[in-house]
Number of protein chains: 2
Amino acid sequence: MRHHSLPSTAKRIGILALPYVQLLDIAGPMDVFTEANTQAKRILYELHVISTSSAPLHSSSGLIFHPTTTISSPLDVPFDTLLIAGAPHLNPKHLSPDLLKWVGQHAPRCRRFGSICTGALVLAAAGLLTQRRVTTHWAVAEQLSQQFPSIQVEADSLFICDGPVCTAAGVTAGLDLAIALVDHDFGRDLARKVSNQLVMFFRRPGGQLQFSHRGIANPMGRSILRTVQRRVLSKPHLPSDTRALAELAGLSPRHFARLFHKEIGLSPALWVERVRMDTACRTLEEGLPPKQVAAMVGFKDVDTFRRAFQRQFKTTPAEYRRRHAAQPPTETD
Amino acid sequence: MRHHSLPSTAKRIGILALPYVQLLDIAGPMDVFTEANTQAKRILYELHVISTSSAPLHSSSGLIFHPTTTISSPLDVPFDTLLIAGAPHLNPKHLSPDLLKWVGQHAPRCRRFGSICTGALVLAAAGLLTQRRVTTHWAVAEQLSQQFPSIQVEADSLFICDGPVCTAAGVTAGLDLAIALVDHDFGRDLARKVSNQLVMFFRRPGGQLQFSHRGIANPMGRSILRTVQRRVLSKPHLPSDTRALAELAGLSPRHFARLFHKEIGLSPALWVERVRMDTACRTLEEGLPPKQVAAMVGFKDVDTFRRAFQRQFKTTPAEYRRRHAAQPPTETD
DNA sequence: TACTCTATCATCGTATAACGATGATTTAGG
DNA sequence: CCTAAATCATCGTTATACGATGATAGAGTA
């Protein structure tokens with residue numbers, strides 16, 4: 001495991017920062033790679049923050065910092081890894097051609113490249129994500145998927161490495177990705193030391209969607225459909241299969257399902273399931289036990305509920321409650 | 001977008017950054033408070049990064065940034081909250097008198113003040129932590145406790161708010177603390193929105209010590225004691241009560257215990273327990289089930305093992321394994 | 001070495017969770 | 001209306017978590 005790499009073999013990490021970048025998207029990976037150097041007692045990674053100009057750059061939280069280099073500077077040595085940091089209000093349509101050209105040229109030459117949070121929009125605009133399995137911040141996952149249909153967006157992962165393309169979900173998932181890269185490059189022991197030093201989990205439970213709460217809370221579509229939706233939203237424990245809902249709407253099941261899908265974009269069953277899971281989340285956050293919650297959202301037994309919950313959030317109801325609920329008795333503040 | 005609350009009602013947050021500050025200690029809280037502004041659609045917090053001089057500041061990971069203000073600048077309005085960011089190699093004995101004076105003057109005038117990571121050393125040096133319950137990075141907790149015996153250091157918490165004093169454990173615990181402050185200031189709903197947006201847990205499981213792995217792995221003291229220690233380290237499942245160990249050393253139990261405590265600083269039982277727990281951690285990280293691990297480190301049943309583990313790490317073995325173990329079958333990279 | 005208060009150990013019993021397997025239903029789409 | 005695929009409702013098994021309790025070992029004092 002111990003290759004005595006010469007200093008010149010240090011891996012060059014480039015982090016591209018756009019205006020009003022999310023500071024954590026830069027700080028997370030930088031501190032992880034830096035800590036890897038510290039723990040290994042030698043320079044494994046060499047960090048560079050890249051900007052479009054050499055001027056000081058504003059982060060979204062107001063901190064002003066200096067990039068190490070710019071996209072106009074000639075590159076003596078190529079990067080080993082290029083990461084695009086996200087920015088909260090990044091609009092892929094307003095990216096400069098120069099920037100996209102630079103990304104399109106340099107990223108593919110790296111051993112691997114990727115993004116954190118909304119940085120994936122930049123890679124997508126540069127055409128580097130086609131046919132790749134990719135993730136991004138849950139709030140822009142749908143946008144990414146719609147604007148670039150050829151990308152396989154998997155919004156529920158914290159990070160995904162598909163070949164050389166490594167994308168992280170929202171903000172703090174950049175830390176998880178960086179740890180995974182260290183793990184891949186230099187082994188589990190070092191990665192674990194780094195995560196321990198930074199007081200973060202080596203492996204976080206569940207996917208990203210447990211943080212999203214997609215608000216399907218707003219009934220939409222024709223008035224008759226909205227009536228039906230309101231019924232489900234207010235009484236999620238009542239039977240809400242296609243047949244029952246169709247009856248409520250006074251339509252034939254087949255016709256109702258067709259109409260529903262046309263207007264809402266989801267099949268009735270799927271929509272109902274999501275509403276139920278969202279309700280379940282909120283109730284679990286109140287601290288109620290999974291068993292009770294299962295009944296409240298229309299499942300006859302906890303087990304089926306747990307499986308449905310796991311399908312959506314990649315974590316179990318009990319686990320979710322532990323992480324998101326208000327204080328269970330003993331808290332240290 | 002009705003951010004027309006008077007600017008004066010926004011809470012002013014000051015973050016003090018020393019040279020070679022850990023960037024995450026600044027970025028974490030800043031991004032949390034900024035996201036709170038975004039979610040609330042008005043300016044709840046006003047952020048300031050304070051340095052000893054107006055010169056650009058280096059973070060430990062190499063990023064160079066501009067402080068908003070300096071300790072020499074006159075303060076028109078006092079801070080609502082003052083946080084001291086940590087730095088990896090911070091030495092409290094090398095802090096300038098000017099800095100300590102500034103901290104000692106301004107911190108107590110804030111509604112609350114605190115630190116992240118090793119920043120606690122600065123507050124301690126300024127004499128602001130006496131008789132307070134406080135936490136800091138696990139790696140410096142003992143140092144803090146020894147240099148400032150009047151401080152109640154609780155190394156196992158992720159953060160502690162004792163009256164106006166809010167201290168966070170290592171690095172990423174600054175995020176948890178900031179979320180708790182938002183929760184306290186503006187309620188759970190907003191805090192939850194912020195943590196969800198940043199893709200972080202509202203409440204992380206367990207304490208900080210699960211990340212520490214205090215290396216008691218090195219036998220110390222007299223040669224006879226080292227022999228005994230090596231036996232325990234290599235065969236932690238064998239009976240290692242005081243009597244058995246004393247016999248091994250060829251001493252009377254009482255004398256052995258006295259000697260052990262004098263040389264090592266811990267009672268034999270406590271030392272054995274720690275060794276066993278450390279071994280347990282490593283074995284759990286390999287992915288072995290708690291039941292098996294319990295037997296390997298000398299517990300007759302899983303239950304007793306679990307309780308001992310919980311005493312140390314505030315989390316259960318099963319939970320620990322889930323967070324720290326190498327891949328359980330399905331992984332997304 | 002003996003004594004003693006305290007903490008931990010080893011159990012038992014119980015409740016909850018997790019998970020595989022299996023027919024009966026339901027769904028989505030033609 | 002019909003069909004392939006997915007989901008639901010169970011059952012059985014195993015692992016965890018936790019309270020309660022008598023037995024035992026710990027650490028300091030005489």
Side-chain angles (χ1 to χ4, degrees), chain A residues 205 239-246 252-262 264-273 276-277 284 288-295 297-312 314-322 328-330, chain B residues 205 239-246 251-262 264-274 276-277 284 288-295 297-312 314-322 328-330:
Chain A
S240 303
D241 53 346
T242 307
R243 197 163 50 82
L245 295 185
S252 83
R254 186 66 190 95
H255 183 204
F256 171 77
R258 201 191 311 273
L259 183 66
F260 194 98
H261 189 278
K262 186 167 183 295
I264 314 297
L266 296 171
S267 67
L270 203 52
W271 186 87
V272 168
E273 173 119 331
R276 286 180 161 168
M277 288 306 128
L284 286 169
L288 295 183
K291 192 171 179 177
Q292 208 168 324
V293 175
V297 295
F299 284 87
K300 290 224 175 107
D301 69 313
V302 210
D303 249 4
T304 308
F305 168 64
R306 213 191 56 247
R307 283 172 233 258
F309 194 91
Q310 276 179 312
R311 267 200 303 279
Q312 291 242 344
K314 314 290 183 206
T315 188
T316 67
E319 175 87 11
Y320 182 92
R321 180 167 67 131
R322 282 195 288 273
T330 57
Chain B
S240 303
D241 52 345
T242 305
R243 199 164 48 82
L245 295 185
L251 303 170
S252 82
R254 185 64 191 99
H255 183 205
F256 171 77
R258 199 192 312 274
L259 184 67
F260 195 98
H261 188 279
K262 185 164 184 295
I264 315 295
L266 295 172
S267 68
L270 204 53
W271 185 86
V272 169
E273 174 118 329
R274 289 207 182 171
R276 284 180 163 168
M277 288 307 128
L284 285 169
L288 295 183
K291 193 170 177 179
Q292 208 168 324
V293 175
V297 296
F299 285 88
K300 289 220 176 114
D301 71 313
V302 208
D303 249 4
T304 307
F305 168 64
R306 213 192 56 249
R307 283 172 231 258
F309 194 91
Q310 274 180 312
R311 267 200 304 278
Q312 292 243 342
K314 315 288 183 206
T315 188
T316 67
E319 175 85 12
Y320 182 92
R321 179 167 68 133
R322 283 196 287 274
T330 56

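Convention: sequence-line order gives letters A, B, ...; per-chain numbering from 1. Quick caveat, the model's predicted, so the values are computed rather than measured.
For A:L288 against A:R321, the heavy-atom pair with the smallest separation is O-CD, 3.2 Å. Nearest heavy-atom pair across A:T242 and A:A257 is CG2-CB, 4.2 Å. The heavy-atom pair separating A:T316 from A:Q310 by the smallest distance is CG2-NE2, 3.2 Å.
Using a 4.0 Å cut-off between charged side-chain N and carboxylate O, A:R276 and A:E273 make no salt bridge.
Between the CZ atom in B:R306 and the CG atom in B:D303 there is a gap of 5.0 Å [rounded to 0.5 Å]. One finds the NZ atom of B:K314 at 12.5 Å from the CZ atom of B:F309 (value rounded to the nearest 0.5 Å). Between the NE2 atom of B:H261 and the CZ atom of B:F256 there is a distance of 12.5 Å, given to the nearest 0.5 Å. For the atom pair A:E319 CD and A:L284 CG, the distance stands at 12.0 Å (nearest 0.5 Å).
Residue order along DNA chain D, read from the 5' end via each residue's closest nucleotide, puts B:T316 first among B:T316 and B:A269. Along DNA chain C, the nucleotide nearest to B:D301 and the one nearest to A:P268 differ in position, and the one closer to the 5' end is contacted by B:D301. Comparing A:P290 and B:R254 by the nucleotide of DNA chain C that holds the closest heavy atom to each, the one mapping nearer the 5' end is B:R254.
Neither OP1 nor OP2 of C:dT8 sits under 4.0 Å from any side-chain N or O of B:T304. Residue A:S267 places no side-chain N or O under 4.0 Å from the OP1 or OP2 atom of C:dT27. The phosphate of C:dT8 has OP1 or OP2 within less than 4.0 Å of a side-chain N or O from B:R311.
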Problem set entry | Derivation and outcome, side chain to side chain contact (heavy atoms under 4.5 Å, CB included), residues B:M277 and B:R311 | CA-CA 10 Å; B:M277 288 307 128; B:R311 267 200 304 278; over 6 Å; no
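Here C:dC9 presents its C1' atom at 18 Å from CZ of B:F309, a figure rounded to the nearest Å. A:K300 places its NZ atom 16 Å from the P atom of C:dA24, with the value rounded to the nearest Å. The nearest whole Å value for the distance from the CG atom in A:L270 to the C1' atom in C:dT26 is 14 Å. Whole-Å rounding puts the B:R274 CZ to C:dT8 C1' distance at 16 Å. Atom NZ in A:K262 sits about 17 Å away from atom C1' in C:dG29, given to the nearest Å. Between the CZ atom of B:R322 and the P atom of C:dA17 there is a distance of 12 Å, given to the nearest Å. The distance between atom CZ of B:R306 and atom C1' of C:dA17, rounded to the nearest whole Å, is 13 Å. Regarding B:F256, its CZ atom lies at a distance of 16 Å from the P atom of C:dT1, rounded to whole Å.
Interface limits on DNA chain D: the 5'-most and 3'-most nucleotides within less than 4.0 Å of chain B heavy atoms are D:dT16 to D:dT29.
For the pair A:L245 and A:F260, the minimum side-chain heavy-atom distance is 4.5 Å or more.
Backbone-only contact: A:Q310 has heavy atoms under 4.0 Å from sugar-phosphate atoms and none from a base. A:R258 comes within contact range of no nucleotide atom at all, as no heavy-atom separation falls under 4.0 Å.
Comparing the end axes of the helix from C:dT1-D:dA30 to C:dG30-D:dC1, each fitted to five base pairs by superposing C1' atoms of four pairs onto the next four, gives an inter-axis angle of 40° (nearest 10 degrees).
The base of C:dC9 is not paired with the side chain of B:D303 by any donor and acceptor separated by under 3.5 Å.
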